[in-house]
Number of protein chains: 2
Amino acid sequence: MARLVAERSDAIAPLAEVFREYGYEGASLALISKATGLGKGSLYHFFPNGKEEMVQAVLADIHQWFESSIYSPLRDGDDADEAINLMLDETLAYFKSGQRVCLVGSLAVGNTRDRFSKAIRGYFGNWIEALKAALIRQGRDPALAQSLSEDAVLSIQGAIVLSRAMDDPIRFQRAIDQLRSKLAA
Amino acid sequence: MARLVAERSDAIAPLAEVFREYGYEGASLALISKATGLGKGSLYHFFPNGKEEMVQAVLADIHQWFESSIYSPLRDGDDADEAINLMLDETLAYFKSGQRVCLVGSLAVGNTRDRFSKAIRGYFGNWIEALKAALIRQGRDPALAQSLSEDAVLSIQGAIVLSRAMDDPIRFQRAIDQLRSKLAA
DNA sequence: AGAGCATTGTACTGATTGGTACATATGATA
DNA sequence: TATCATATGTACCAATCAGTACAATGCTCT
């Protein structure tokens, strides 16, 4: 009856989309099964703890992506200004101009916050720290760098909410543009 | 068997809290029944269309509150600066320093967006328009007033997400303070 | 007091929920 | 080809889901 042998890692991307679109409660196993193409047997084989473990796996994957694509260049890139621009480019693409929800943000807003608090705090904390490092490398005052980077992460989250609410991708792009000039050396 | 005769309006406030805390999908009728103290009989008597109608009623109530407490003073108050400060005070209290989620924002982020799109767009659109009116009354350029008010509403939403994610009410208060100086005449 | 509408609790429905059990099938190794 | 861990589909479970039906009660007005 089994058709093809799948890998656990193949399930992560569709899982992320399902949780983004329907939220933790809204993503039923039926939806998850359809999105991943995996039956319950496979799903519970890969994720014995069910939905919670699936979300944790998705969060770990998200962390890895942000780490290599955004945090690492911000922290260690030789050109701080270039790393910041890269971050904004990647952010624009990643959230599809605000049409794609931030899973971590939506988990933080829901009653799922406590269950995934560690990953949620890590996500935002790492982003702020990494951006702060780049801003300091630009030669900025550490206190200013801190408040600027908090403000940037806050604006990105706000822009996702607002541009989705108004169904207007331009609003997200404008927010990114404003950050570009505000964070330029 | 019926104990006390309730009014539909008494149910709105607890309904709002339940939807805020558990989201649209997560708020089951069992939870709703417990939170409101109303059995299914009463709930479907007051809201024949079920959860959707409950949310619409809550959104209408929210609109009314914002209209009289925030939008109206911003649009028509004699002192624009005072109205803006009042808005920030009320916002701080309403969202309990970011510990209380914005229901409209969370609906906008979830897959419920399309179902309630009209109320969602109205909420943010009205807020931006009203704040813009006050900023223009301060003597500001209309284009600047527009971008400032969009930015303010965006920052409030972002601050809710971030301060909840980090479990840190101070972050929300700081965001409000920054808006206070940015929006001062 | 009595009529009539508003409100309420309970019992019920059929569908769906997350999760388990297990027999079967696959693919690599030997 | 025989072995064996890894996948997989299906049937099943108790619990819960949203929603309906309805008889019994409360309240108001006369």
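Reminder, nothing fancy here: chain letters follow the sequence lines and each chain counts from 1.
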Response to the item:
Under a 4.0 Å heavy-atom cutoff, the residues of residues 37-46 of chain B touching DNA chain D are B:K40, B:Y44
Fill in: DNA chain D contacts among residues 12-36 of chain B, heavy-atom distance under 4.0 Å
B:A27, B:S28, B:L29, B:A30
Tabulate below the donor-acceptor pairs under 3.5 Å that side-chain atoms of residues 25-38 of chain B make, not counting sequence neighbours, or state none.
| from | atom 1 | to | atom 2 | distance (Å) |
| --- | --- | --- | --- | --- |
| B:E25 | OE2 | B:N111 | ND2 | 3.4 |
| B:S28 | OG | B:L31 | N | 3.3 |
| B:S33 | OG | B:L38 | O | 2.6 |
| B:T36 | OG1 | B:I32 | O | 2.8 |
| B:T36 | OG1 | B:S33 | O | 3.4 |
| B:T36 | OG1 | B:L38 | N | 3.2 |

Item to complete: Considering non-hydrogen atoms only, spot the tightest contact between A:V153 and A:F124 and give its length.
Response: CG1-CD2, 3.6 Å
Item to complete: Answer whether the closest heavy-atom distance between the side chains of B:I136 and B:K132 falls below 4.5 Å.
Response: yes
Practice prompt. Check whether any side-chain heavy atom of B:Q99 sits under 4.5 Å from a side-chain heavy atom of B:D167, and report yes or no.
Written response: yes
Item to complete: Specify whether B:Y71 and B:H63 have parallel, tilted or perpendicular ring planes, treating 30° as the upper limit for parallel and 60° as the lower limit for perpendicular.
Response: tilted
Worksheet item: Should the ring pair B:F95 and B:F66 be called parallel, tilted or perpendicular, given that the plane angle runs from 0 to 90° and is split at 30 and 60?
Response: tilted
Worksheet item: When you check the gap from the basic side-chain N to the acidic O, do A:D177 and A:R174 get nearer than 4.0 Å?
Response: no
Fill in: Atom-to-atom span, NZ of B:K51 to P of D:dA18 - whole angstrom
5 Å
Worksheet item: For the atom pair SG (B:C102) and OH (B:Y123), what is the distance rounded to the nearest 0.5 Å?
Response: 3.5 Å
